[in-house]
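All values derive from a computational prediction rather than experimental measurement. Basis for what follows: all heavy atoms, side chains included, without hydrogens, waters or symmetry-related copies.
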Amino acid sequence: MKKIFILIFSFFLLTNICLAQGKFSASISNVSNTIKFTLKPIGGDITAGLSTIEFFVRYPNASPAFTFGTVTANTTNFPGMTATGVTSSGSWEIEIDNPAYVLPGFHTAHFIYTAPAPTTTSRLYSNNVPYDVISVRLLGATNTVNLQFIHQDTEEKYYLAISDQNGADLRPAAFTNYFYPTTSSIAGPPVSTLYFANLNNVPIPVKFNGFTAIKKDNNGLLNWQVENESAITDLYVVERSLNGRDFSLVNNVASKFNGNAGSNVYEYTDNNIKALRADIIYYRIKQLDKDGKFAYTEIRSIRLDGKAFTASVFPNPVVNTSNVNIDLVTDEKVNIILTDAAGKEVQKAFIEGKSGLNIYKLNMSTLAAGAYQLKVIAGSENKVIPVVKSK
């Protein structure tokens, strides 16, 4: 009898241990203009690989216009997950305002992950420990955005989805546990309830609207326009290069933010640039936030040599790929022709060149080692550059 009791007790214990497998509760947070999605096991540890994850977010139609940046996955917490989002299996995709998902008065954003074969690597996720999944920056608005992380109880359209490598559901049994630290609810589409977590007043980072560099007397006059400056905008760093590759600090320009997000125009004069003894001077502006995040303008150039255009290849010799730097005075159509030592054409390309620095990626990875010539034609002018393909 004692053995039977022990066997029954052991079976009961093992069964309860198995039943103690946790489920994932989800949250959304904001850190310096970047929204972050996090999963946390509740009710026990989880040992699994993930095959599907879907997050659903809504925001009012009256929100200022903005876009989502690139999805970045936390590959430490979720090994095997693709680091950046593109629209293919094994990576993250964002659906914006899919007509199938219509919530009156709201825009919708659907973040979708489908693992490739094999599924995202299995690992242990410990109970009550949060694991960051993805982050994505919000770009381009002039104010703040209120987001709601949502799930519809009928699961007809708007949902949180988490499945393991076998397709098993890893969501909590109770809708009130779908989101943490708290889950709210509201009447949803007909005969349904929307459960949600709020993320209010997400600020959008600075957006550059334009940047110009012109020669005035012997000086370089720089002008740039920005939208959506905020309290986190620290300063603008003016950087200069004499070769279009290596930039160094010229000076810092303080933000004009005065408490109200909006547009501002900046000017900076780089004095006596003739003394630099360079044919072309390149500039860019780095916008720096107080949390260390930054963004760059495009590169602009000022020409001092009076030539129609210049072209160079760096690095040269070429291992696999190099940059062809083409600096134009005006917008020009540019033809790029690569020939081998016998004069045979091995590559040809065409670009719509813009005034200033244009960078063309020269790919020689499939070519044999040896000597080549690169001919760059812009308008009625052309440049021929000897190029060496190394082993």
**OP:** Work out which heavy atom in L222 is nearest to a heavy atom in A213; give both atom names and the distance.
**Re:** CD2-CB, 3.5 Å
Original post:
Atom CD of E352 and atom CG of D331: how far apart are they, to the nearest 0.5 Å?
Top reply: 9.0 Å
**OP:** Would you check if there is a donor-acceptor pair between the side chains of S192 and D153 at a distance under 3.5 Å?
**Re:** no
Original post:
Is there side-chain contact between I186 and F196, with heavy atoms separated by less than 4.5 Å?
Top reply: yes
**OP:** Mind checking side chain to side chain donor-acceptor pair (under 3.5 Å) for Q148 and listing every partner two or more places apart, or none if nothing turns up?
**Re:** R58, N198
Subject >> Test item: D327 side-chain N/O and S301 main-chain N/O as donor-acceptor pair under 3.5 Å >> reply: no
Original post:
When the ring centroid of H107 is compared with that of Y59, is the distance short of 6.0 Å?
Top reply: yes
**OP:** Go through the structure and list residues passing side chain to side chain donor-acceptor pair (under 3.5 Å) with T154, not counting sequence neighbours.
**Re:** Q152
**OP:** Answer yes if F175 and F24 sit in the same cluster of Ile, Leu, Val, Met, Phe, Trp and Tyr residues linked by side chain heavy atoms under 4.5 Å apart, and no otherwise.
**Re:** yes
Subject >> is_close_aromatic(H110, Y101), centroid dist under 6.0 Å >> reply: yes
Subject >> With N382 via side chain to side chain donor-acceptor pair (under 3.5 Å) - residues at least two apart >> reply: none
**OP:** Mark yes or no for whether K36, through its side chain, and S27, through its backbone, hold a donor-acceptor pair below 3.5 Å.
**Re:** no
Original post:
Is there side-chain contact between N323 and S312, with heavy atoms separated by less than 4.5 Å?
Top reply: no
**OP:** Evaluate the side chain to side chain contact (heavy atoms under 4.5 Å, CB included) criterion for residues V102 and T108: first the C-alpha distance (whole Å), next the side-chain angles of each, then the deciding distance (0.1 Å), finally the verdict.
**Re:** CA-CA 8 Å; V102 178; T108 58; over 6 Å; no
Subject >> Side chain S126, main chain D45, donor-acceptor under 3.5 Å >> reply: no
Original post:
Taking the side chain from K389 and the backbone from L367, do they hold a donor-acceptor pair closer than 3.5 Å?
Top reply: yes
Subject >> Close side-chain approach of R171 to Y178, heavy-atom, < 4.5 Å >> reply: yes
Subject >> Distance-minimising heavy-atom pair for L103 and P189 >> reply: CD2-CG, 4.0 Å
**OP:** Keeping the roles fixed (side chain from N177, backbone from P172), state whether a donor-acceptor pair exists under 3.5 Å.
**Re:** no
**OP:** Begin from the C-alpha positions of L39 and I162 and carry the test side chain to side chain contact (heavy atoms under 4.5 Å, CB included) through to its verdict.
**Re:** CA-CA 10 Å; L39 296 177; I162 314 164; 3.6 Å; yes
**OP:** For K383 and I326, indicate whether the former's side chain and the latter's backbone hold a donor-acceptor pair under 3.5 Å.
**Re:** no
Original post:
What closest approach, in Å, do G220 and I302 show between heavy atoms, and which atom pair accounts for it?
Top reply: CA-CD1, 3.7 Å
**OP:** Apply side-chain hydrogen bond (donor to acceptor under 3.5 Å, both in side chains) to N325 and Y360, showing your working.
**Re:** CA-CA 7 Å; N325 293 336; Y360 171 76; over 6 Å; no
Subject >> Linked, directly or transitively: I336 and I377 (ILVMFWY side chains, under 4.5 Å) >> reply: no
Original post:
Do the non-hydrogen side-chain atoms of N146 and L199 ever get within less than 4.5 Å of each other?
Top reply: no
Subject >> Polar contact flag, side-chain donor to acceptor under 3.5 angstrom, Y159-E54 >> reply: yes
Subject >> Ion pair D279/R303, N-O distance below 4.0 Å >> reply: no
Subject >> Contact summary for S365 and N363, nearest pair of heavy atoms >> reply: OG-OD1, 2.7 Å
Subject >> K215 atom NZ: more than 12 heavy-atom contacts under 6.0 Å >> reply: yes
Original post:
Would a 4.5 Å heavy-atom cut-off, applied to side chains only, mark F309 and N358 as touching?
Top reply: no
**OP:** Compute both the distance and the angle, then confirm whether K40 meets the cation-pi test with Y131: under 6.0 Å from the six-membered ring centre, within 45 degrees of the axis.
**Re:** no
**OP:** Verify side chain to side chain contact (heavy atoms under 4.5 Å, CB included) between V253 and L235, making sure each step is shown before the conclusion.
**Re:** CA-CA 6 Å; V253 177; L235 52 85; over 6 Å; no
Subject >> F56 and its ring-ring contact (aromatic ring centres under 6.0 Å, His included) partner, picked from F111, Y195, Y158 >> reply: Y158
Original post:
In Å and rounded to the nearest 0.5 Å, what is the OG to CD1 distance from S122 to I46?
Top reply: 11.0 Å
Original post:
Are the side chain of D164 and the backbone N or O of G49 linked by a donor-acceptor pair below 3.5 Å?
Top reply: no
**OP:** Please say whether the positively charged group of K333, taken as NZ for Lys or CZ for Arg, lies over the ring of F350, i.e. under 6.0 angstrom from the six-membered ring centre and within 45 degrees of the axis.
**Re:** no
Original post:
So, is the end of the R284 side chain (NZ or CZ) under 6.0 Å from the ring centre of Y282 and within 45° of the ring's axis?
Top reply: no
Subject >> Verdict with reasoning, Y236 to V226, per side chain to side chain contact (heavy atoms under 4.5 Å, CB included) >> reply: CA-CA 11 Å; Y236 297 89; V226 299; 3.5 Å; yes
Subject >> Hphob cluster co-occupancy, L138 + F55, side-chain heavy atoms under 4.5 angstrom >> reply: yes
Subject >> Donor + acceptor pair across side chains of K348, N335 (<3.5 Å) >> reply: no
Original post:
Does the side chain of N219 come under 3.5 Å of the side chain of T269 through a donor N or O and an acceptor N or O?
Top reply: no
**OP:** Determine whether I351 and I385 fall in the same hydrophobic cluster, where Ile, Leu, Val, Met, Phe, Trp and Tyr are linked whenever their side-chain heavy atoms lie under 4.5 Å apart.
**Re:** yes
Original post:
At what distance, to the nearest 0.5 angstrom, does OG of S25 lie from CG of L160?
Top reply: 8.5 Å
**OP:** Assess the pair F247 and Y283: is the distance between their ring centroids shorter than 6.0 Å?
**Re:** no
Subject >> Pair E345 + K375: basic N to acidic O under 4.0 Å >> reply: no
Original post:
Does a sphere of radius 6.0 Å around CD in E298 hold more than 12 heavy atoms from other residues, nucleotides or ligands, not counting ones at 6.0 Å or beyond?
Top reply: no
Subject >> Ring centroid separation F149 to F37 under 6.0 Å >> reply: yes
Original post:
Does any N or O in the side chain of T52 come within less than 3.5 Å of the main-chain N or O of T114, such that one atom is a donor and the other an acceptor?
Top reply: no
Original post:
Which pair of heavy atoms, one from V319 and one from S390, lies closest together, and at what distance?
Top reply: CA-OG, 3.5 Å
Original post:
What is the distance from atom OG1 of T38 to atom CD1 of I134, rounded to the nearest 0.5 Å?
Top reply: 9.5 Å
Original post:
Any side-chain donor paired with an acceptor under 3.5 Å for Y268 and N223?
Top reply: no
Subject >> E239 side-chain N/O to D246 backbone N/O, donor-acceptor pair under 3.5 Å >> reply: no
**OP:** Measure centre to centre between the rings of Y125 and F78, then say whether the value is under 6.0 Å.
**Re:** yes
Original post:
Heavy-atom distance under 4.5 Å between the side chains of N243 and F314, does that happen here?
Top reply: no
Original post:
Looking at side-chain heavy atoms only, is the closest gap between I280 and L304 below 4.5 Å?
Top reply: no
**OP:** Could you grab the distance from atom CH2 of W224 to atom CZ of R300, nearest 0.5 Å is fine?
**Re:** 13.5 Å
Original post:
For the side chain of S322 and the backbone of V318, is there at least one donor-acceptor N/O pair under 3.5 Å apart?
Top reply: no
Subject >> Contact check, side chains of V346 and T339, non-hydrogen atoms, under 4.5 Å >> reply: no
**OP:** Would you name the heavy atoms of G44 and N127 that are closest together and state the gap between them?
**Re:** N-OD1, 3.0 Å
